[in-house]
Each structure stands twice: as C-alpha cells, then as structure tokens.
Amino acid sequence: MNVNDSEKMAGILISEGYKPADDENSADIVIVNTCSVREKAKEKLFSFLGKLNGIKEKRELKIIVTGCVSQLLKDKIRKRAPYVDIMLGTNSYFKIKDALKKTKFSDFQFYKNWIEIPFEPILRKNDFSAYVSIMEGCDSFCTYCVVPFSRGREKFRPSSSILKEIRFLEEQEFKEVQLLGQNVDSYRDPETGMDLASLLEKIAKSSSIQWIRFLTSHPAKFSIRIAEIMAKYPKILHSIHIPFQAGSNKILELMNRGYSIEKYLDLVNKIKEIVPDIALSTDVIVGFPGETDKDFQYTVDVLKEIEFENMFSFKYSPRPGTKAYLLEDNVPDEVKTERLIYIQNLQKEIQLKNNLKRVGKVMKVLTENINKKNPNETVGRIYTGRIVNVKGGKVGEFYDILIEEAGPHNLKGSIKED
Ligand code: 5AD
Ligand code: SF4
C-alpha cells in the first residue's frame, strides 16, 4: 500500500512539472512516506530525518513526511523534528500538490468514503505490472495492529472506477494487475454491493489483462466463491496471501483474529480441493504476549502441515495505542529471535523441497528486471510469486521457461524453444 501511495504522489508531482531527483543529496524536496506496522520503521524515520536536517542546515530543502507514522505520531514528529515542513496523513497524500505551495502545512483528516484521484498520472514501477487499489483501511482490529488507527475504517472503491483503471492499463498494454487492500475480502462495491469474488469474475471476463492477483486476504472473511472463480478463470492467478499469524487458539483469540486454527485449516483444505495448484502464502508473528513454547509449537505444526509457498515472519512488536500494547510483552527478545530463526529455517527447507519438484517442468514466467548480477539474465516470477532467473529474454514478457535448477528462494531456467 505504501509503495502504491508513493507511486500516486510521484505521479501527481510529475504531472505538475516536478522532476524526480536521484537521491536526497540532489533533491529540493524530499517526501518520506512512512510505515508504522513495526517499531523499527519509526526509528528509521527519525534517523533519516536527522540526516535530512543536516542537508537542510547547509541549503534550502523542503522536508515532507507522509504515511502511517505521520498520521500516528504527528506530535512526536513536531517535537523531535520541528524542521519538517509538511506532514500529511494516510488519507490525505493526494493533497501533496496544494501542500507544496505552502511553507508549513499539515492534514490528517480521515474520510469515511473512498476518495478517487486520477489514476492516469500514477508513476508505475514499470509498464507491464500495476497495482490497482480497491479498498483502504481496516475494521478488523487485530489487537497487535496499528493499521485500523493509521489508515482508518474500511473504504471501498466503486467497481466502476476500478474497471476504468483496468481498462486504461489494458490500453497501455499492461500484462498484470495486483488488486490491493488491507483486507480485500471485505470488499463491497459502494454502488452495487458486489463482493470480491464477483469483482474478480467481472475483471477476468471483461479484461484482456493476462495475470490478475489480489492481496491481502483475511481467513475469517475469505469467501470460498473466490476459489471457485479462480478455478474457472485461470488468469486469476492461483495464489492467495492469507496470513494465519499464529497456530495456537489461545494466541489467535488474544490477537482477535476471529477464527480458530481448525477453521483456518478447514478453509485451506477446501481451497485446495477446488484449486489443487493453489500457492498459499502467510504472515506469522512470533513472541506475541503469553506465547509459550507449546503455543509456538502449534505455529510450527501449521507451517509443516500446509507447506506454504512463502512466509513473511515477524517478531511481535508492541505498538502504542493497540490493545495488545496493554499486555506485558513477556517473551524475551532472545526467545523471539530463536523462534523466528527456527521457522525461517523450516520454511527454507519447505521451499527448497517444493522448488525442487519444479525442476524439469515448463512454467509461465513474467520477466520483470535484468539480473543485476548477470546482465545476460532476466529475473521474473511464476504465478506463485517465486522468482526465476531466466537465461536471456526481454523484460516485461511472458515466456514458457524450462526450470533447470532450484534453490529455496529462486528457480533458474531457460526459454523453451517451440
Ligand atoms: N508486530 C509484529 N508484526 C506485526 N504485523 C502487524 N503488526 C505487527 C506487530 N505489532 C505483521 C502481521 C501482518 C503483517 C503485515 O505485519 O503479520 O500480517
Ligand atoms: Fe492489521 Fe488485522 Fe487489519 Fe490485517 S486484518 S491490517 S493485521 S488489523
């Protein structure tokens, strides 16, 4: 979401005649778009702001802070970094153009409804794969998470605007779209009441975009119709990011996740029945308050049972303002680190095993970049998001790739000649 917000702000500024600078040393304006999901991001912000202030003491520089940290810690930023000129909250990044006309400006207003901003100027990371936001905010209030506070309540984008943006991307010959939202399964078209499954079907039916992805899904809200639609339209990629966060029911309840682990496993089994080649990925938090060795073992068991394609794992980080912040952060940091390393090693083995099964197979790959380490190779992804190093090839193309080698994090292969 943050990357997409940055793309939107960059687009607005470029259409106003501003030009991108190489880095902060050559820029007249620096916008720091921040994330506050975990504590580390906040500390990074203050150290970067200190560096910017060093530049500002020598020459003119406009410093702008946007995003979640700005939204949540406006007063702290004002106090610790009074040299910041402009601050915008998560719902008001689109005001960047007007904000830049002022010397001091801040806006942290929350909106109840979706605010549509022009999508044409968005500065995309490339010209073949695009993010398309469909909703913002979250009403789930997981007890550890700041997002409901930093981004506010759920706001859904009308499907008519989503489809218009996708049509525009189609005309620009984009090949892949990623529908974005904190909790895409809550999606309800404010105009027609259409849910995510129907929206996906509508896009698959009406658009020539070849790869459609969406994230993030919530296990308590996921509708099995989505899996049915996936099975029907292969261009909706068979890949779901559906975090279970923890394997212990006690911890899930303390997290207010709204499901038991049995329900989660049941959902996964149903999805697998409908879409046998489904690639599931997850987020996992270790060291939530009260997590015993036994609770942690349940998380390990789930990872072993499901064998996720991908896992993003985090040490619990207490966030002020959340309900869990009131609980004692009683798992020592060394234990959190130990647990994190343990599941990361386990996941590495699982990925290696899964990837080795792909050797000898031909898989469709969308190439995204030239390999920085080897200019004779391109780097792309299969439908699951797994990275593939491809011998030769052009960037932004689909290729049938014969997989020849596999590691835990990537595959290697060459273009299959007809
Ligand atoms: N501590 C650790 N991880 C967190 N996440 C969200 N909040 C926290 C927190 N306070 C993780 C969750 C979420 C992902 C985006 O970040 O796993 O799914
Ligand atoms: Fe945070 Fe939970 Fe909402 Fe995800 S569903 S953004 S973890 S509150």
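Hydrogens, waters and symmetry mates are skipped; everything else that's a heavy atom, side chains included, is used. The model shown is predicted, which means the values in this text are computed figures rather than measured ones. All ligand and atom numbering here is 1-based and tracks the order in the structure.
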Do the charged groups of K102 and D107 touch, with an N to O distance under 4.0 Å? no
Can you tell which part of T216 has a heavy atom less than 4.0 Å from ligand 2: side chain, backbone, both or neither? neither
Heavy-atom contacts under 4.0 Å to ligand 1, chain-then-number order, include exactly V37, R38, Y144, Q245, D283, I285, F314, K315, Y316, S317, R319
Can I get a per-line list of side-chain donor-acceptor pairs under 3.5 Å for residues 271-278, giving both atom names and the distance, sequence neighbours left out?
unit_1: D277; atom_1: OD1; unit_2: H238; atom_2: ND1; d: 2.6
unit_1: D277; atom_1: OD2; unit_2: H238; atom_2: ND1; d: 3.4

Heavy atom of R257, distance to ligand 2 below 4.0 Å: yes
Any donor-acceptor pair under 3.5 Å from N369 side chain to N371 backbone: no
For atom 3 (Fe) of ligand 2, what is the closest protein heavy atom, and at what distance to 0.1 Å? C138 SG, 2.3 Å
Residue N183 vicinity, atoms of ligand 2 by number, heavy atom under 4.0 Å: 5 (S)
Subset of ligand 2 atoms that lie under 4.0 Å from at least one heavy atom of Y144: 7 (S)
Donor-acceptor contact below 3.5 Å, side chain R386 vs main chain E309: yes
Students should be able to answer this: which protein heavy-atom is nearest to atom 8 (S) of ligand 2, and at what distance? C142 N, 3.4 Å
In Å and rounded to the nearest 0.5 Å, what is the CG to CD distance from L366 to E368? 6.0 Å
Only one of N354, L356, L352 forms a side chain to side chain contact (heavy atoms under 4.5 Å, CB included) with P408, so which one is it? L352
Logged contact type for P148 with ligand 2, heavy-atom cut-off 4.0 Å, is side chain
Check this for me, if you would: do K62 and D28 make a salt bridge, where the nitrogen-to-carboxylate-oxygen distance has to be below 4.0 angstrom? no
